[in-house]
Amino acid sequence: MRIVIAPDKFKGSLSAPEVCAHLEKGLQRGAGNNLDVVRIPVADGGEGTLDAAVGSGFTRRSAVVAGPTGEPVTAEFAVRGNEAVIEMAAASGLALLPARALVDGRPGSTAARTATSLGTGQLIRAALDAGCNRIILGVGGSANTDGGAGVLQGLGARLLDAAGNDLPAGGAALARLDRIDFSGFEPRLKDTRFVLASDVDNPLLGAQGAAAIFGPQKGATQQDVGMLDAALARFVEVLAREIGSEGPSSRAFKAAEAPGAGAAGGVGYAAIAVLAATRRPGIDVVLEFTGLADRLAGADLVITGEGSLDEQSLLGKTPMGVARAAAAQGVPVIAVCGRTTLAEGQAAAAGFEDVYALTEFESNVDRCIAEAAPLLEQLGTQISGRLAATTLSRSATTKEDLHV
């Protein structure tokens, strides 16, 4: 039997490659090592996208860049030929905030106002240095709300106040933005194509914008949200003056209203307005570069999943993308997860023949998270047993029919 394992990460427990490895170990143990297993770690364009790329033949590279508070961090990206995959969280992610930026273990107000996407711009430059002219930018888990201003700085732009001084890092400082100097902007960008891998469809500004919707989870207070939104509006006004005609019809203003402009603290905005990025659903981008459709050929079963399989999962996240790809080739799909809130009918309607959760073995969610690896192996062994029983049942039925 040929089984394709194509899961996302179990957030807080295991990366997608680790999920693949432990699930295969359990499957093979239950089947006497007689399974043909293909591992394809996947993601939805956010965290885990880099692992998915490396698992599909990309080479892991690294560069020292500025983290979200300016301290140097070593960030990885992936390269295959002239194509690069950049996971923004590797350079500008919430997880990279130093202890001093946290309050009771969570991002504080200062971090929300001053965090920068500078390192992501520097990582793009590293990809250009590696000879890449097609760059997939996976966004998610960012610490900044700077509209992607830091990305532009990382690519050579200067953000200046009325006195001609460089602005400090972060979204709040954009309130003092007077002009943007693009004279030192990276010239290789003219021949580079960008794909913004994001499922976020929020605009940059307003009640559904980057500051209002995502700012609080990055430490922003209500006062900070208003300040950041106004600062981002100023950024749009100045950028419109620099890159084209001012007014509502300008490229900069249109980009601010585009779906996805509010992604990653507004990095989606800079990508669309300045880098001319094409926004695509993250799972579609990942499934394309992993070549999942081609690798499903000859498969008897697909196993996908993520840490929590719930109603949000049905809105285009990894398991649904994999299920759609498998259904297109007539391959049955089952899902594995840490826990699920889906009713049996919901799972069936989504295309899953069955759903297996770690909570079937351990009802304590904290222990499920801490002991996900051995529990996943146990789950894999159970799945193998059920597959073997189903195969025997079908074989017996076939023999009975032939006898009649």
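For the numbers below, each heavy atom of this structure counts, side chains included, while hydrogens, waters and symmetry mates do not.
Within a 6.0 Å radius of CD in E311, more than 12 heavy atoms belonging to other residues, nucleotides or ligands are found. The environment of CZ in R60 is crowded: more than 12 heavy-atom neighbours from other residues, nucleotides or ligands sit within 6.0 Å. Crowding of R280 atom CZ: a count of heavy atoms from other residues, nucleotides or ligands under 6.0 Å exceeding 12. The environment of R2 atom CZ is dense: over 12 non-hydrogen atoms of other residues, nucleotides or ligands sit within 6.0 angstrom. Counted within 6.0 Å of CD on Q217, heavy atoms from surrounding residues, nucleotides or ligands total more than 12; the atom is thus considered enclosed.
When only modelled atom types and interatomic distance are considered, E71 and T69 share a side-chain donor-acceptor pair under 3.5 Å.
Contact annotation: the side chain of F194 approaches that of I124 to within less than 4.5 Å [non-hydrogen atoms, C-beta and beyond]. Within the 4.5 Å cutoff, the side chain of V225 has heavy atoms near those of the P216 side chain. Side-chain contact between D51 and K9 is absent, with no heavy atoms from C-beta onward closer than 4.5 Å. Taking 4.5 Å as the limit, some side-chain heavy atom of L301 sits within range of a side-chain heavy atom of L387. Side-chain atoms of F214 and N202, non-hydrogen and from C-beta on, do get closer than 4.5 Å to each other. For the pair I334/V355, no side-chain contact is recorded, criterion being any heavy-atom separation below 4.5 Å from C-beta on.
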After noting the C-alpha distance and the side-chain angles of N133 and N82, does the key distance pass the side-chain hydrogen bond (donor to acceptor under 3.5 Å, both in side chains) rule? CA-CA 6 Å; N133 59 16; N82 68 339; 2.7 Å; yes
Would you check, one step at a time, whether the test ring-ring contact (aromatic ring centres under 6.0 Å, His included) holds for F58 with F77? CA-CA 9 Å; F58 283 72; F77 62 106; over 10 Å; no
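The shortest heavy-atom contact between R125 and G184 is NH2-O, 4.0 Å. In this structure, S384 and L35 approach most closely via the heavy-atom pair OG-CD1, 3.9 Å.
Partners of R295 under the salt bridge (Lys or Arg N to Asp or Glu O under 4.0 Å) rule, at least two apart in sequence or in another chain, do not exist in this structure. Take D44 and apply the salt bridge (Lys or Arg N to Asp or Glu O under 4.0 Å) test, not counting sequence neighbours, and it matches K317.
A distance of 7.5 Å separates CZ in F352 from OG in S313, rounded to the nearest 0.5 Å. Rounded to the nearest 0.5 Å, atoms CD1 (I303) and CD1 (I40) are 12.0 Å apart. Remark: S15 OG to E47 CD distance equals 12.0 Å, nearest 0.5 Å. The structure places OG1 of T116 at 6.0 Å from CD of Q153, a figure rounded to the nearest 0.5 Å.
Judged as a salt bridge (Lys or Arg N to Asp or Glu O under 4.0 Å), the pairs with a partner in residues 127-147 (not counting sequence neighbours) are, in order, E83-R134, D129-R188.
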